[in-house]
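A short worksheet on the structure shown next.
From a predicted model like this one, the values you see are computed outputs, not experimental measurements. Only this structure's heavy atoms are used, side chains among them; waters, hydrogens and symmetry mates stay out. Residue numbers run from 1 in the order of the sequence given.
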Amino acid sequence: MIIYQVEPQHVDIIWTHAVSFLRKPLETGLGEVEVDDIKEWIKGGVQQLWLILDEKEQKIIGAYTTQITIYPHKRHLRAYLMGIEGNRLNECIEQISLTAEEFCKKNNLSHIEIISHRDGWERVLSNKGYKKYSTVLVKEMNND
């Protein structure tokens with residue numbers, strides 16, 4: 001597996017391949033963001049686009065986006081959207097993690113945030129009109 005960061009100036013060239021993986025995770029949102037917004041954020045440097053390449057099959061098997069989130073005292077790398085072919089996440093997750101951690105060290109980021117919209121629990125408030133929208137997982141980086 002190779003994880004490749006697409007430079008903003010190359011987004012238009014690769015977009016048709018990447019967008020097919022990014023549409024499905026957007027469907028779990030509330031419609032606040034569309035694929036064209038993602039493309040513009042990547043081209044403008046607000047988000048980063050990453051491709052997951054299978055060397056043996058010589059094809060793109062996934063794409064994901066990240067965003068550097070700046071808080072008053074910390075800078076985090078937030079995983080934003082991720083789409084991977086079939087059930088191949090397990091075979092890719094190690095390389096995705098290593099790539100994210102390297103990016104954090106290079107950019108002096110203190111944490112990785114992963115926001116997921118696919119939990120489907122929160123029974124306590126569901127009868128009052130609330131629904132679970134996301135779960136946030138965080139990993140602290142050791143950037144010594």
Side-chain angles (χ1 to χ4, degrees), residues 1-71 74-127 129-143:
M1 237 26 76
I2 296 174
I3 309 295
Y4 173 76
Q5 183 182 0
V6 178
E7 295 296 327
Q9 65 269 25
H10 299 137
V11 170
D12 287 330
I13 297 168
I14 199 70
W15 188 248
T16 56
H17 301 287
V19 74
S20 63
F21 295 104
L22 301 177
R23 284 187 201 281
K24 187 172 183 179
L26 274 177
E27 293 171 4
T28 64
L30 301 174
E32 66 271 41
V33 178
E34 296 179 359
V35 290
D36 290 340
D37 302 316
I38 300 297
K39 183 179 182 182
E40 291 308 310
W41 286 345
I42 296 165
K43 289 173 70 172
V46 174
Q47 289 194 354
Q48 301 79 39
L49 174 62
W50 305 84
L51 299 178
I52 305 168
L53 309 167
D54 185 314
E55 294 170 281
K56 292 177 186 170
E57 296 179 25
Q58 296 187 355
K59 69 175 190 172
I60 299 168
I61 62 163
Y64 63 98
T65 64
T66 57
Q67 181 171 328
I68 296 173
T69 303
I70 301 171
Y71 297 104
K74 304 275 184 172
R75 292 166 28 102
H76 293 191
L77 180 65
R78 178 177 291 167
Y80 195 73
L81 296 175
M82 180 177 290
I84 298 177
E85 181 180 274
N87 293 324
R88 298 186 71 173
L89 179 60
N90 286 338
E91 70 182 89
C92 302
I93 197 65
E94 185 68 28
Q95 189 60 44
I96 292 168
S97 281
L98 289 172
T99 302
E101 291 175 20
E102 289 172 16
F103 187 81
C104 285
K105 287 178 184 175
K106 181 180 173 185
N107 290 281
N108 196 31
L109 306 175
S110 65
H111 292 78
I112 297 174
E113 297 178 0
I114 300 172
I115 299 175
S116 172
H117 297 292
R118 296 183 184 184
D119 267 346
W121 54 277
E122 288 300 311
R123 294 179 183 103
V124 177
L125 294 175
S126 64
N127 63 347
Y130 287 88
K131 66 179 182 176
K132 186 173 186 91
Y133 179 62
S134 65
T135 298
V136 180
L137 304 171
V138 179
K139 179 178 182 179
E140 186 170 3
M141 294 290 93
N142 183 4
N143 289 332

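At most 12 heavy atoms of other shown residues, nucleotides or ligands fall within 6.0 angstrom of atom CD in Q58. When the shell of 6.0 Å around CD of E94 is examined, it contains 12 or fewer heavy atoms from other residues, nucleotides or ligands. Shown here is Q95, whose CD atom has more than 12 heavy atoms of other residues, nucleotides or ligands within 6.0 Å.
Inter-residue side-chain proximity for W50 and I52 is flagged as unmet; no heavy-atom pair is nearer than 4.5 Å. Within the 4.5 Å cutoff, side-chain heavy atoms of K43 are placed close to those of D12. At a threshold of 4.5 Å between non-hydrogen side-chain atoms, the residues I14 and I60 count as touching. Looking only at side-chain heavy atoms (C-beta outward), F103 and L109 come within less than 4.5 Å of each other. Taking the side chain as every heavy atom from C-beta outward, H17 and K59 never approach each other to under 4.5 Å. Under the 4.5 Å side-chain criterion, counting only non-hydrogen atoms from C-beta, H111 is not in contact with L77. Side-chain contact between L81 and Y64 is absent, with no heavy-atom pair separated by less than 4.5 Å. Residues E140 and S110 have side chains not in contact (no heavy-atom distance under 4.5 Å, counting atoms from C-beta outward).
Residue I68 holds its CD1 atom at 4.5 Å from CG of N107, rounded to the nearest 0.5 Å. Rounded to the nearest 0.5 Å, atoms CD (Q5) and OG1 (T99) are 10.0 Å apart. For the atom pair OH (Y4) and CG (L49), the distance works out to 9.5 Å, reported to the nearest 0.5 Å.
When each of R78, R75, K74 is paired with T69, the side-chain contact (heavy atoms from CB on, under 4.5 Å) condition holds for R78 and for no other. Residue M141 forms a side-chain contact (heavy atoms from CB on, under 4.5 Å) with just one option from H76, K105, E101, and that option is E101.
When all heavy atoms of A63 and A18 are compared, the pair lying nearest together is CB-O, 4.0 Å. The minimum heavy-atom distance between M1 and C92, with the atom names listed, is SD-SG, 3.8 Å. Heavy-atom minimum distance, Q67 versus Q48: N-OE1, 3.4 Å. Nearest heavy-atom pair across V33 and L26 is O-CD2, 3.8 Å. Closest approach of I61 and F21 over heavy atoms only: O-CE2, 3.3 Å. Here the closest non-hydrogen pair linking T66 and A79 is CG2-CA, 4.2 Å.
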Pair I42-V46, side chain to side chain contact (heavy atoms under 4.5 Å, CB included): steps then yes or no | CA-CA 6 Å; I42 296 165; V46 174; over 6 Å; no
Given side chain to side chain contact (heavy atoms under 4.5 Å, CB included), test Y80 with I114 step by step and report yes or no.
-> CA-CA 7 Å; Y80 195 73; I114 300 172; over 6 Å; no
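One finds a salt bridge joining R88 and E91 here, because a Lys/Arg side-chain nitrogen approaches an Asp/Glu carboxylate oxygen to under 4.0 Å.
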